[in-house]
There are 2 protein chains.
Amino acid sequence: MDRLLQLEVFSKTAELGSLSKAAETLRMSNAAASRHLSALEERLAVRLIERNTRRQWLTEAGHEFLQRCSTLLNELAEAEGAVSDRALSPNGMLRVTSSLSFAMIYLAPMLPAFRALYPKLSVQIIAANRYPDFIEAGIDVAIRTREQEPDSSIVVRRIGQMRRVLAAAPAYLARRGRPEHPADLARHDMLIYNHANDPYSLRLSKGSAAETVRIAPTLDSNDGQVIRAAALAGLGILIQPLYIVQGDILAGQLMPLLVDWELPLLTMNIAYQNRVRLPAKIRVFSDFLVNHIREHSHARIWMDATRQTTHTPSNSGRSIRKQNP
Amino acid sequence: MDRLLQLEVFSKTAELGSLSKAAETLRMSNAAASRHLSALEERLAVRLIERNTRRQWLTEAGHEFLQRCSTLLNELAEAEGAVSDRALSPNGMLRVTSSLSFAMIYLAPMLPAFRALYPKLSVQIIAANRYPDFIEAGIDVAIRTREQEPDSSIVVRRIGQMRRVLAAAPAYLARRGRPEHPADLARHDMLIYNHANDPYSLRLSKGSAAETVRIAPTLDSNDGQVIRAAALAGLGILIQPLYIVQGDILAGQLMPLLVDWELPLLTMNIAYQNRVRLPAKIRVFSDFLVNHIREHSHARIWMDATRQTTHTPSNSGRSIRKQNP
DNA sequence: GTCTCTTTTCCGCCTAGTGCAAAAATGGAC
DNA sequence: GTCCATTTTTGCACTAGGCGGAAAAGAGAC
């Protein structure tokens, strides 16, 4: 028997002065209400409501207990309401990790709008060019270019696909000449972003023609800004998402190369741990980011994004460490 | 499902860091504990404890809810404990009514010893020479001489039987002569206590002889002290419980009459409303009074009392008015 | 990959809780 | 005193739901 319901029957009976009315209010039969109240009195070994078929009144014990259990029922309702509400109204701290470039160019600029929508939610951006372990780093959300996670409990959701470009400084081109064909790249100094899929094999296509070039990196890094700085210094030809170097190109400090050829797109994903009930903050952030990218995307940087979860493991899958309370 | 048990499972799991340990502590199976916790999370629509088979930790919502429900569980245990304790440790106010004489001679003198035993219980003695309605007067206990109650919900329990005496002032006897035989009483001025059974018919016995005398009261009253005062003033012959006039007789102010003859005993009862669970204060007071009378009775005043409830109606019988909270 | 241990879920059983209706009680009207 | 309407309590039959055991699933240690 639900002991809370016993307290509710007692409280409501005292309030309304009638077991029958309490039963009606609590949507149960008179018999059930009578049994709940009797069970409570038996458990406490005391008569709480002295009553007959015509009248009833609280005993002294009943008076005292009523005050206490009314308070308790209110507090419980408030506690349960508060905790249910927080599932709908995200608050606390959200920890996001992404590349430095993505953080600078996309995450930071969009935060004011996000915070305006969710004032109780703090966002901490961890710019990292390695993939930290979710658990160890306390990461809620990661923006990543890789499409698969070794951890089966991580959900990967596509944000979109980005164009990439080949570009070099004018000084480099003056010194080493300009590549006219994809095959020429094999003889050039290449600056590679090693977090891309198969970064040392480059596939370019023009119309129906396609060429795959194996390149030997002069420098490879997991940091887009490092690669950008090296290219600006004339150390070689970079291949990077357009969003990172668009400003340099417009300023004439980097010259785009083989612009008639198309490079493979870079898929950008958001990843988070799958949970029985996804915390609201992760849900709202993901939705906001995807929508923000979609609304502010330029065709030259982003291809049309499709909302798609590429991998959803079973609900019981977890890979997490017990935290000290 | 017992919602309080759900809270207990959650609280204990958080405390011990393991559903299995919580189950063991709460003496239930692992399966049951798992279901209770899941049911609570479903009811609140939020994950309280993130967990897998190897580790678990509180979510933010879980942290907040744990603080609140730990408090609630403690408060409820305290409330239930307090109300159960009061059933064992009577407190509050007990209202007792009796005749003025009984109050002065028996109740008041025994109160110090009673209060020493039950310091939290206040006793209010309502000296009355009429029988007030239990409900209207808020009476808990009544000391009465009548043996039956019109209200079937009232329990009557015998305290004992008291000797009665005939006595008159010397001045009256000098003026009117001394009755030598019960029949002589018919020619005397009689002072009658009208709360006795059949107060106008007097049956006296000596050995195997018995005489019944019909007497016409010069004065009758429901107050023993009024009758006593009239006798002391020489207005007539009284018949009263010995305990009321013993002091006057010893002082020579009243002369006992027809002392070889025995008068009918006066039955003294305690009465209270029958209840499913008799409030502790009524129970302890009744027991104390009966035991006190037994221990301090003098053969000359009390005959041996027998513990006996003369009428116990069915438990559902009540005659009470709903009180405003 | 195997082992161990915990959590979750399935299954069959059983009991506790249900509503209905009758019994009992109560108080007001007459 | 009797009748009536209404409430509380209790008996009864039924079933929904909660149980424990065991299997399934998962996770970390080795």
Side-chain angles (χ1 to χ4, degrees), chain A residues 1-6 9-10 13 16-24 26-43 47-57 133-136 150-154 273-276 313-322, chain B residues 1-6 9-10 12-14 16-24 26-42 47-57 133 135-136 150-153 273-277 313-322:
Chain A
M1 190 174 266
D2 188 350
R3 283 179 285 160
L4 271 180
L5 195 50
Q6 292 176 356
V9 169
F10 166 58
T13 300
L16 302 178
S18 159
L19 257 175
S20 303
K21 288 171 183 167
E24 186 177 6
L26 296 169
R27 300 182 190 289
M28 64 173 61
S29 66
N30 294 3
S34 177
R35 277 191 285 257
H36 279 290
L37 181 53
S38 296
L40 177 59
E41 287 174 333
E42 187 170 349
R43 180 153 65 81
R47 187 85 163 171
L48 296 171
I49 299 184
E50 200 53 58
R51 59 197 179 273
N52 63 26
T53 58
R54 281 278 169 264
R55 352 180 189 193
Q56 63 175 231
W57 68 100
D133 183 76
F134 268 83
I135 301 166
E136 288 176 12
D151 188 330
S152 66
S153 71
I154 303 297
Q273 287 174 246
N274 194 46
R275 290 202 179 116
V276 170
S314 64
N315 277 353
S316 57
R318 305 284 180 270
S319 178
I320 44 224
R321 178 178 302 119
K322 176 182 175 184
Chain B
M1 189 175 262
D2 188 349
R3 283 180 285 159
L4 274 179
L5 195 49
Q6 292 174 354
V9 170
F10 166 59
K12 194 59 72 176
T13 300
L16 302 177
S18 159
L19 258 176
S20 303
K21 287 172 183 168
E24 187 177 5
L26 296 170
R27 301 183 189 288
M28 63 172 64
S29 67
N30 295 2
S34 177
R35 278 192 289 261
H36 278 290
L37 182 53
S38 296
L40 177 60
E41 288 173 332
E42 188 171 346
R47 188 84 161 171
L48 296 171
I49 299 183
E50 200 53 57
R51 59 196 179 274
N52 61 27
T53 58
R54 278 280 167 260
R55 354 180 188 188
Q56 64 176 228
W57 67 100
D133 184 75
I135 301 166
E136 287 175 11
D151 187 331
S152 65
S153 71
Q273 288 175 245
N274 194 45
R275 290 200 178 120
V276 170
R277 242 175 226 104
S314 63
N315 278 352
S316 56
R318 304 284 180 272
S319 180
I320 46 227
R321 181 176 302 117
K322 175 183 176 184

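Here is the naming used below: chain letters follow the sequence lines, and residue numbers restart at 1 for every chain.
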- Quick one, give me the B/S/- string for nucleotides 1-8 of chain D, reading 5' to 3', where B means a protein heavy atom under 4.0 Å from the base and S means that only happens at the primed atoms, P, OP1 or OP2. ----BBBB
Mind calculating the distance between [atom1] ([X]) and [atom2] ([N]) to the nearest angstrom?
X: A/E41; N: D/dT10; atom1: CD; atom2: P; result: 11 Å
X: B/L16; N: C/dT6; atom1: CG; atom2: P; result: 13 Å
X: B/Q6; N: D/dC19; atom1: CD; atom2: C1'; result: 15 Å
X: B/L26; N: D/dG18; atom1: CG; atom2: P; result: 17 Å
X: B/E24; N: C/dT7; atom1: CD; atom2: C1'; result: 15 Å
X: B/E50; N: C/dT6; atom1: CD; atom2: C1'; result: 15 Å
X: B/K12; N: C/dT7; atom1: NZ; atom2: P; result: 16 Å
X: B/I49; N: C/dT6; atom1: CD1; atom2: C1'; result: 14 Å

Short N/O separations, protein against nucleotides 11-16 of chain D, under 3.5 angstrom:
| from | atom 1 | to | atom 2 | distance (Å) |
| --- | --- | --- | --- | --- |
| D/dG11 | O6 | A/R35 | NH1 | 3.3 |

For residues [X] and [Y], report the shortest heavy-atom separation together with the two atoms involved.
X: A/H36; Y: A/V9; result: CB-CG2, 3.9 Å
X: B/R51; Y: B/L37; result: CZ-CD2, 3.6 Å
X: A/G17; Y: A/Q56; result: C-OE1, 3.3 Å

Holding to side-chain contact (heavy atoms from CB on, under 4.5 Å), I want the full list of residues that pass it with [X], two or more places apart in sequence or in another chain.
X: B/S20; result: B/S18, B/N30
X: A/S29; result: A/A31, A/A32
X: A/A22; result: A/K12, A/T13

- Message: On DNA chain D, does the nearest nucleotide to A/A32 precede the nearest nucleotide to B/M28 from the 5' side, or the other way round? Give the residue.
- Response: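 It is A/A32, whose closest nucleotide lies nearer the 5' terminus.
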- Message: Taking 4.0 Å as the cut-off, does a side-chain nitrogen or oxygen of B/H36 come that near to OP1 or OP2 on D/dC19?
- Response: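 Yes, within the criterion.
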- Query: Which residues pass the salt bridge (Lys or Arg N to Asp or Glu O under 4.0 Å) test with B/R3, sequence neighbours left out?
  - Reply: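 Checked B/R3 against salt bridge (Lys or Arg N to Asp or Glu O under 4.0 Å); matches are A/D2, A/E8.
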- Item | Euclidean distance, B/R35 CZ relative to B/Q6 CD, rounded to 0.5 Å |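 CZ of B/R35 is found 12.5 Å from CD of B/Q6.
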- Message: Once rounded to the nearest 0.5 Å, what's the spacing between atom CG of A/L5 and atom CG of B/L4?
- Response: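 It is 10.5 Å, given to the nearest 0.5 Å.
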